[in-house]
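Below you'll find the structure, written out as C-alpha cells, and then a few comments.
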There are 2 protein chains.
Amino acid sequence: MYQYEYPRPALTVDIVLFAMYQQQLQVLLIKRADAPFVGKWALPGGFVDMDETIDKAARRELEEETGLTKVFLEQLYTFGAVNRDPRDRVVSVAHFALINRDNHQIKSGSDASDAKWFDFDKIPKKLAFDHKQILKVAIERMRGKIRYQPIGFELLPKKFTLSQLQSFYETVLDRELDKRNFRKKILRMGLLDPLEEREKSASGRPAQLYKFNRKKYNQLQRQGFHFEI
Amino acid sequence: MYQYEYPRPALTVDIVLFAMYQQQLQVLLIKRADAPFVGKWALPGGFVDMDETIDKAARRELEEETGLTKVFLEQLYTFGAVNRDPRDRVVSVAHFALINRDNHQIKSGSDASDAKWFDFDKIPKKLAFDHKQILKVAIERMRGKIRYQPIGFELLPKKFTLSQLQSFYETVLDRELDKRNFRKKILRMGLLDPLEEREKSASGRPAQLYKFNRKKYNQLQRQGFHFEI
DNA sequence: TGTTTAAGTGTATTTTGTACACTAATTCAT
DNA sequence: ATGAATTAGTGTACAAAATACACTTAAACA
C-alpha cells in the first residue's frame, strides 16, 4: 500500500497505432479481458510505472501488448475528464504511433485477449473509456500533420511506389489528388531516391520504387526547408 | 491520508503565459516562496484536484496566481521525466496561454511571493524544475502555430494597427517581413475589419486601426479555408 | 496478338510570392 | 509658420508555384 497526503489520479498511457494496409488506414485495437468494459475494444495502453518516463511507459505497453519495438511514437494529448474511468480518477497521456504492417508483425500479448486491426472507417461505434474521443483527436492530428511533416514514410514500406504514396495521402486526406501534379511536387523536393528495382506487379506496368532520403530531409530542415504537400 | 495499491505520480499543471508588450514577446514567471527552488523563478502552476479536469486545473491555478480569467489556453505537452521534481515523482501537463497585457491586469496572488513579466530573450538562465525545457517547447509550438493559426490576435489589443501585427510576426519568427507584401497577404484574407478610428500616435502618421473578424474566420474555416502567413 | 491494367509524362493558364522606393499625415522643435 | 523627423501607406514587374487536363508505355494474361 502506498500513502499520500493528498489524493492522486492514476496515470496511464494509451496508444493510437496507425498502419496503412491495402489502401486503408487502420488502427490497432485490443479486446479487453478484464473489467471495466470486458469484451469491448480499446486502445492499447496501461499504467505508468514510477521509474519510467511517459514515453518509456508508452513504448513498454505497446511492446507488451503487440510485441512492437522501435515504432514512430509521439505524444498526442492528455485526457483528464473526471469520469473517463468508472472505477477511479485516471488521467491518460494518449500517444500517436505509426508503423507499416509489412515490416512489423503483431504478436498478441499477455495482457490482451485479442488484438485486431480495424479499417479506420469501420471501427466499432462504442469503444471502452473515452477511446472514441481519443481516436477523433488522433485522426485530426494525423490530417493536420501529414501536410507539413513527412510521416507518410513511417506507414509505407521502405521501398514504395509513387502511386502508393499518393494513395496514402488520398486516404488520409479523404480526397483525390492529381497524379501528375502530385508527382511533380513530391519529386521537386528531391527527398525521394529512385531505386534500381521496379515493383513486380500483378498486372499493369511495373512501377519505379523509391525510398525516402531521411538524411537529406534532416539536412534540408536545418536549413529552414519546410516539407509541404 | 490516501492509500493506493500501486504508487502514483503526483499530477500538476504548468502554464507558459505569453504576452506581447512594447514589441517584445514576454512570459510571466513567479518567484517561488517555498521549497524546493525557493527564490527561483518558475512557471505558474500547481496540483490537479481530484474533481476537476486538467483544463480546469490550469485555469484555476492561473487565476489563483495572477487573477486572470478567460484567457486563450491549450495543452502544450506532458512532462514526465522521473526526476524533474527532486522531492517526488511529479508529472506535469504544461499549457500554453496567450493574453494581451492591455486588457488584462496581473494581480500577484497568494501562492506566489512575486510575479513578473520577462522579455523572452532575457529570461534567467536557471529556472525551477524543468521549466527552461518547457519554455523551449512552448516557443517552438508558438513559432509553428503562428504560421497557420490566427493566434496573434490573442496577444494584440482588440484594436490594432497593421504595423503592430507585422511587428508581432517579426518578433516571434525572429526575422523581418516586407511591409507591402505582408499587408497584401493579410488583407487579402478578408479577416480584418478596418475601424472608423485611427491610432493617436506619439509621432508619425496616425495608423488605421483594425479588428480581427473571428466570426468570419470560423465561417471560412468550416469551408476548408486555411489561415497562413 | 490484342485486351486489360496501372505507370508515367508535358504544357498552358492562373495564382501566389517576392523584390523594391516613394508619397502622405502627423508631431515637434525653432 | 515652416521644415525636420517619424511612421503609415501604396503599386508594379518578375519569378515561382499551383492547377487543369489526356495520351503513351510496359507489363500480364487470355
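Naming: A, B, ... by sequence-line order, numbering from 1 per chain.
- Minimum atom distance to the side chain of B/K185 is reached by C/dG17, of the listed C/dG17, C/dG8, D/dG11.
- Heavy atoms of A/R188 sit under 4.0 angstrom from primed sugar atoms or phosphate atoms, though from no base atom.
- A donor N or O paired with an acceptor N or O is found under 3.5 Å between the base of D/dA22 and the side-chain atoms of A/R180.
- In the interface, the side chain of A/K184 is not paired with the base of C/dT9 through any donor and acceptor atom under 3.5 Å apart.
- Taking 4.0 Å as the cut-off between side-chain N and carboxylate O, A/R59 and A/E63 do not count as a salt-bridged pair.
- In this structure, B/Q208 reaches the sugar-phosphate backbone alone: every heavy-atom distance under 4.0 Å involves primed, P, OP1 or OP2 atoms, never a base.
- Spacing between atom CG of B/L187 and atom C1' of C/dT16 amounts to 16 Å, rounded to whole angstrom units.
- At least one side-chain nitrogen or oxygen of A/S163 sits closer than 4.0 Å to the OP1 or OP2 atom of C/dA7.
- One finds a salt bridge joining A/K159 and A/E197 here, because a Lys/Arg side-chain nitrogen approaches an Asp/Glu carboxylate oxygen to under 4.0 Å.
- Using modelled atom types and a 3.5 Å distance limit, the side chains of A/Q26 and A/R101 yield a donor-acceptor pair.
- As judged by a 4.0 angstrom heavy-atom cut-off over every strand, A/K179 is placed among the base-contacting residues.
- Between the side chain of A/R205 and the base of D/dT25 there is at least one donor-acceptor pair of N/O atoms closer than 3.5 Å.
- Between A/E199 and A/T161, the side chains place no donor N or O within less than 3.5 Å of an acceptor N or O (distance only, hydrogens not considered).
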